[in-house]
Amino acid sequence: MSTDTSSPDRRVAVVTGASSGIGAATARTLAAQGFHVVIGARRTDRLESLAAEIGATARSLDVTDDASVAAFCDGLDRVDVLVNNAGGAKGLATVAEADLDDWRWMWETNVLGTLRLTRALLPALEASGDGLVVTITSIAALEAYDNGAGYTSAKHAQGVLHRTLRFELLGKPIRLTEIAPGMVETEFSLVRFDGDQEKADAVYDGLTPLTADDVAEVIGFVASRPPHVNLDQIVLKPRDQASARRNVRTG
Ligand SMILES: NC(=O)c1ccc[n+]([C@@H]2O[C@H](COP(=O)([O-])OP(=O)(O)OC[C@H]3O[C@@H](n4cnc5c(N)ncnc54)[C@H](OP(=O)(O)O)[C@@H]3O)[C@@H](O)[C@H]2O)c1
């Protein structure tokens with residue numbers, strides 16, 4: 001893994017789940033804004049090529065594994081921005097037919113993953129004098145939908161974890177922003193449907209979803225506000241989607 005150390009006067013942004021989708025786009029955006037970006041995920045080949053493209057530091061990271069998180073955070077003395085992005089969904093089952101392994105995956109990755117990284121990097125974020133924690137939840141953190149309880153419950157929990165920090169850290173130099181997107185075309189649905197490309201494509205049939213770049217641009221805006229401005233929660237959806245349960249397919 002590349003272990004490039006940034007110059008001490010350059011702001012450092014850590015992005016989890018940067019091997020695809022929103023995380024990779026966010027890493028590109030923050031690097032273009034002048035941050036030294038530290039990117040983490042399990043697919044290190046992808047991280048290495050992104051790191052070469054944008055001049056980032058790539059480190060292997062499994063947010064569900066304590067030892068991996070400790071190794072990832074080791075030596076990160078300066079951290080100005082943490083983007084808790086690693087996450088996703090598995091399956092679309094009713095509660096009656098819930099798969100416990102899928103639920104465990106979703107809770108470990110979205111909820112405990114966010115907890116592990118945030119807890120480990122809070123001291124460095126505070127020491128930066130103007131820390132920022134951006135957590136990518138979802139509109140699934142704000143509403144329930146049929147067959148989605150494993151994901152919606154995990155995203156609700158992740159959202160509450162993040163929002164609790166807004167209170168607990170009041171008075172400290174750390175800002176907190178929750179980004180709650182609707183449909184974004186990434187590898188999200190491919191992961192949810194276990195690699196079934198046809199099922200994944202059908203999710204976006206006939207409508208125009210957000211792109212990873214659309215979300216990254218908003219994160220770039222958040223990260224470029226002055227220290228006294230805290231954007232607490234940003235919900236962004238495609239025009240064709242009014243809620244997790246209601247969209248229009250005209251295309
Ligand atoms: N796409 C949407 O419609 C949508 C909407 C709302 C919210 N979100 C949220 O946005 C975030 C990013 O998702 P995406 O849409 O960009 O999907 P994606 O393309 O599937 O990206 C997910 C990223 O998370 C990483 N990841 C998964 N498990 C991990 C683990 N155990 N340790 C470290 N990294 C892990 C993946 O990397 P590796 O597999 O290489 O580890 C990948 O880089 C997620 O939190 C998702 O819930 C997505």
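What you see below is based on every heavy atom in this structure, not just the backbone, and it leaves out hydrogens, waters and symmetry mates. In this text the structure is predicted, and so the values were computed from the model without any measurement. Every number for a ligand or one of its atoms is a count from 1 in the order of the listing.
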*Which parts of the protein, at residue level, reach under 4.0 Å of ligand 1 through a heavy atom?*
G17, A18, S19, S20, G21, I22, A41, R42, R43, L61, D62, V63, T64, N85, A86, G87, G88, T109, N110, I136, T137, S138, Y151, K155, P181, G182, M183, V184, T186, E187, F188, V191
_Salt bridge or not between R246 and E143? Use side-chain N to carboxylate O under 4.0 Å._
no
*Pair R43 + D45, salt bridge at N-O below 4.0 Å*: no
*Mind checking ring-ring contact (aromatic ring centres under 6.0 Å, His included) for Y204 and listing every partner two or more places apart, or none if nothing turns up?*
none
For residues 211-220, which side-chain donor-acceptor pairs fall under 3.5 Å, sequence neighbours excluded?
residue, atom, partner, partner atom, Å
T211, OG1, D213, N, 3.4
T211, OG1, D214, N, 3.1
T211, OG1, D214, OD1, 3.4
T211, OG1, D214, OD2, 3.2
D214, OD2, T211, N, 2.8

_If you take the centroid of each ring, where Trp contributes its six-membered ring, are F188 and Y151 closer together than 6.0 Å?_
yes
*Can you sort out the partners of E108 under side chain to side chain donor-acceptor pair (under 3.5 Å), two or more places apart, ordered by chain and number?*
R116
